[in-house]
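Below is one structure, written out as C-alpha cells; comments come after it.
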Amino acid sequence: MRRPAVDDPLWLGQYRVLAELARDETTRVLLGSGPDDRLVALTLAPRQSAEAAALSAVLEADPDASTPWWAQEFVPGPSLRDVPDALPEPAVLRLAAGIAADLTRLHSAGLAHGKLTPSHIRLTSSGARLIARATGDDPADDVFALGTLLAAKSALPEALRPCLAENPADRPTAAELLEALRPSADPWPPAVEKLVAERTAELAQFLDGQHMPLDDSVIYQVSDTPPPPRRAAPRRRNLISALALVIAGLAAWIAWPDPPAPPPAPPSPLTESGFLVARGHPQYVTFNHDGRLLATANADFTIDVLDVVTRKPVGPRIGPFPETGLPGMTFRSDGITLATAQVKDNQFTARTWDSRTGREIGEPLVLENIDRGGAWPELSPDGSVAAVPMASPRRTDLWRVADRTRIGSIDTPAAFRVSAFSPDGRTLAVYQWDGHSAHTSQLDLWDTASLKTAGKPIVFSESEPICCLAFRPDGRTLITTSAGAGAPPQVRQWDTATHEQLRPAFSLAPAPAYGEMREAYVFMASAGLDEQHLLALAAGTVTVRDLDGQQDGASLPGILSFAVSPDRKTIATTTGSTADTTVHLWRKP
C-alpha cells in the first residue's frame, strides 16, 4: 500500500482516492472513500470485464472512462499469501468456512469465482472473506480450487478432502461444505492476529478519522437468497470456545501490543453535500447569479451547463473551443445566457450562448493583435464588458460585448499584467510588473466608467509578483496572492477605498521547485463562506483560513479549482483529472 503518485487520479466518480492497494501489468486497485465515508476498492483496467457487470457487489462503474474502472466494497486485512507459515487445523477449518460462505452466496446467483488464489482471500478479525470475481464457468471448479489452496497451507483436514475429488460430481457444493464445517469460534494463530493488527494500523495511516470503523464489510450481495441455516453448537461448547478466544486474544495482546494510535485528524470545516456529473472532464467551474446553474469548462475545450438541483445537464454541450485557449466564462444577469472568452494565437473572441439550446446569441466580439506574452483577457462578473490586453502599444482596452463597442483604454505598458473586476463591475484592479526580478510592481484600481484611477498605487516588493486578484462580495476588500519562484505565496488584504493593508500577510504552502511545476499548481485566495474566513488554494489543496491566516480544520487535497455560490453557502470543486467527470459540492457542517 502506498500514497497516490502525483499523476494518479485524485477522484474516480464520487470516490476520493486515498492509496494504491495493488497493481500488475494491466490492472491497478486503489483504495477510495465515498460521500458516506464508506471505503471501497477501485479497480482500474484497460477494459471493463464482464464480471463488473455480473456482480451486484459492484457499487459503481464507468466503462467509458479513458481507463475503465469499477468500485466494490473494501475488505480490510492481509491476504492469505501474506501468511508464510503452515496453519494449524483449526485455522484451516475457520479459513475454509469463511471462503465457503462467500462461495455459497456467489454460486446461488448462478456465478462462479474462477480464480481462487491466496491474493483473493482476506483475513479479518472475525474470519476469512473472499474478494469478488465472476469469471468462472463451473462452481465445482471453485470447490476444487479451495481444496488445492488449503492443502498448500496444511495437511488437509478430513472434512475438506472431498473437495479434491477427481470427478466434479463427487465434490461437495459450497453450501454442503459450509454445513459440514459449521461455524468455528477458534481464534487465529498469534502470527495471523499480528498480521491483521499490522494491516489495520497501516491502513489507518491513509485515513483521516472521518471514515467508518475498519470492521468486516459484506462484499457479496449477489442474491437475496439467505445462506443455508447452520446448526447451533451446544451451549457448553460455545462457552468453552469463547473462553479459549479470550485467553488466546489476551496472549496475543501481551506478545504484540497494539501500535500507537495515530493522532485524531482535525474536523473538516467543509462537508460534502453532493456532486454533479459532467459529460466532459471539468477543469474550471462557475455558478450563475442564483446558484442554480453551474457551468464547467472541460479538458476537451467544451462547456457543460448543469442544474445544481436536478443534477442534470441543462442543454447540449457548448463548443469545442480552440485548443490554444481554454475559454473564460461567466453567466449574464438573466442567469441563462453564458458569456465566454477564448483566445487563439493573437485573436480574442467573446461570445454569448443560450445555455438551454447551446446556440450562439448575436455576433461575436473579435479583436486582433492582443498581447499573449504576460496577460489574459478578463470578463466582468455579468459578462457585459471585456478587459483585453493589447499589444503595440501595450494597453488594456475595455469593450461592451453585446454591441461590440469600445469603451476606452487604460495605459498598461508593463510586460506582465493581471486584472480583475469588482463584483459590481464598476472597478477594475490592474496589476503590472515589467518582469525584472530586481524591480517592484504595482496595482491600481480603475473606475470603469471614467477610466481614471483613485488613490495611490499599491506597491509590491521585487520578490512578490502577484498571480491572483479577488474581491470580497461587497467590493470593499481586495485579496492579492503572490507566487514568487521558490518562495511561499503571500496573501494580503487591502481596503479598496484607502488602499491600505488591513492585516499582516500570511503564507500558503510553498511553491514546488521549477522542475516539479505542473498545471495543477495553482495559488489563490478568495472570499470564503462568511465574512470571517477566506478560502485558499495552494499546490492542489484547499484550506479554510480565518482573516489572520490561521487554518480552520483539515485541508481538502486533490483540487485544481473551486467556485463559491453567490449565496456563499456552497463550494464547487474540480480535480482536473482526465479520469474524473465529477464536480463535488461542499458546505459548512
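Every value quoted in this text rests on a predicted model; they were computed, and no experiment measured them.
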* Could you go through the side-chain contact (heavy atoms from CB on, under 4.5 Å) check for R292 and V309 one step at a time? => CA-CA 7 Å; R292 183 182 176 89; V309 177; 3.6 Å; yes

* **Selection residues 154-164 - residue pairs positive for salt bridge (charged side-chain N to carboxylate O under 4.0 Å, His left out), sequence neighbours left out** => E158-R161

* Short question: side chain of Q551, backbone of G553 - any donor-acceptor pair under 3.5 Å? -> yes

* **For P118 against R81, the heavy-atom pair lying closest together** => CB-N, 3.6 Å

* Could you walk me through whether L150 and L95 pass the side-chain contact (heavy atoms from CB on, under 4.5 Å) test, one step at a time? => CA-CA 8 Å; L150 296 179; L95 185 62; 3.3 Å; yes

* **Partner residues of T271 under the side-chain contact (heavy atoms from CB on, under 4.5 Å) criterion, sequence neighbours left out** => P589

* All side-chain contact (heavy atoms from CB on, under 4.5 Å) counterparts of V277, not counting sequence neighbours -> F275, T581

* Are D304 and R317 close enough for a salt bridge, meaning some N to O gap below 4.0 Å? -> yes

* To do: Indicate the atoms forming the closest heavy-atom contact of A91 with P189, along with that distance.
  => CB-CD, 3.8 Å

* Approximate separation, where rounding is to 0.5 Å, of L146 CG and D141 CG -> 12.5 Å

* To do: Starting at CD1 of I559, measure out to OG1 of T543 and round the result to the nearest 0.5 Å.
  => 11.5 Å

* Asked: So, for F74 and L21, which heavy atoms are closest and what is the spacing to 0.1 Å?
  -> CE1-CD1, 3.7 Å

* Partner residues of A174 under the side-chain contact (heavy atoms from CB on, under 4.5 Å) criterion, sequence neighbours left out -> L103, T104, H107

* **Sequence-distant partners of A165, side-chain contact (heavy atoms from CB on, under 4.5 Å), two or more places apart** => D170, R171

* Please step through side-chain contact (heavy atoms from CB on, under 4.5 Å) for the pair F321 and I303, ending with a clear verdict. => CA-CA 9 Å; F321 294 86; I303 292 177; 3.8 Å; yes

* Is any side-chain heavy atom of T570 closer than 4.5 Å to a side-chain heavy atom of W586? -> no

* **side-chain hydrogen bond (donor to acceptor under 3.5 Å, both in side chains) partners for R311, two or more places apart** => none

* Any donor-acceptor N/O pair, S561 side chain to Q283 backbone, under 3.5 Å -> yes

* Structure fact -> What one should report as the nearest heavy-atom pair of L560 and L537 is O-CD2, 3.2 Å

* **Test item: W70 side-chain N/O and L44 main-chain N/O as donor-acceptor pair under 3.5 Å** => no

* Asked: Is a side-chain donor or acceptor of D307 paired with a backbone partner of K312 at a separation under 3.5 angstrom?
  -> no

* Which distance, rounded to the nearest 0.5 Å, do you find between the CD of E272 and the OG1 of T573? -> 7.0 Å

* Asked: Does T43 have any side-chain hydrogen bond (donor to acceptor under 3.5 Å, both in side chains) partners at least two apart in sequence or in another chain, and if so, which?
  -> none

* With sequence neighbours left out, write down each residue that passes side-chain hydrogen bond (donor to acceptor under 3.5 Å, both in side chains) with N167, or none if nothing qualifies. => none

* Do L123 and D82 come within less than 4.5 Å of each other through their side chains, counting heavy atoms only? -> no

* To do: Look at R545 together with D552 and state whether they make a salt bridge at an N to O cut-off of under 4.0 Å.
  => no

* **Point-to-point distance, once rounded to the nearest 0.5 Å, from CG of L293 to OG of S565** => 12.5 Å

* Asked: With sequence neighbours left out, what residues match H120 under ring pair (Phe, Tyr, Trp, His ring centres under 6.0 Å)?
  -> H113

* **Residues forming a salt bridge (charged side-chain N to carboxylate O under 4.0 Å, His left out) with R587, sequence neighbours excluded** => none

* Asked: Any side-chain heavy atom of V583 within less than 4.5 Å of one from L294?
  -> yes

* Taking only residues two or more places apart in sequence, or in another chain, which ones meet T296 in a side-chain hydrogen bond (donor to acceptor under 3.5 Å, both in side chains)? -> N298

* Structure fact -> dist E176:CD -> T173:OG1 (nearest 0.5 Å) comes out at 3.5 Å

* Asked: If you look at every heavy atom in M329 and V285, which pair is closest and at what distance?
  -> CE-CA, 4.0 Å

* Asked: Mind checking whether L39 and L18 have side chains closer than 4.5 Å, heavy atoms only?
  -> yes

* Taking the side chain as every heavy atom from C-beta outward, state whether L556 and T541 have any atom pair closer than 4.5 Å. => no

* To do: Side-chain contact test, heavy atoms from C-beta onward, threshold under 4.5 Å: evaluate it for L585 versus I571 and give yes or no.
  => no

* Asked: How far does OG1 of T117 sit from CG of L80, to the nearest 0.5 angstrom?
  -> 9.0 Å

* Using ring pair (Phe, Tyr, Trp, His ring centres under 6.0 Å) as the criterion, list what pairs up with W11, not counting sequence neighbours. => H584

* Do the non-hydrogen side-chain atoms of F562 and Y284 ever get within less than 4.5 Å of each other? -> no

* Structure fact -> In terms of heavy-atom contacts, L177 and A159 come closest through CD1-O, 3.9 Å

* Given the rule in the side-chain contact (heavy atoms from CB on, under 4.5 Å) test, do L529 and V564 qualify, once you have shown the distances and angles that lead to the verdict? -> CA-CA 8 Å; L529 298 184; V564 181; 3.8 Å; yes

* Report yes if the side chains of I121 and I99 come closer than 4.5 Å at any heavy-atom pair, otherwise no. => yes

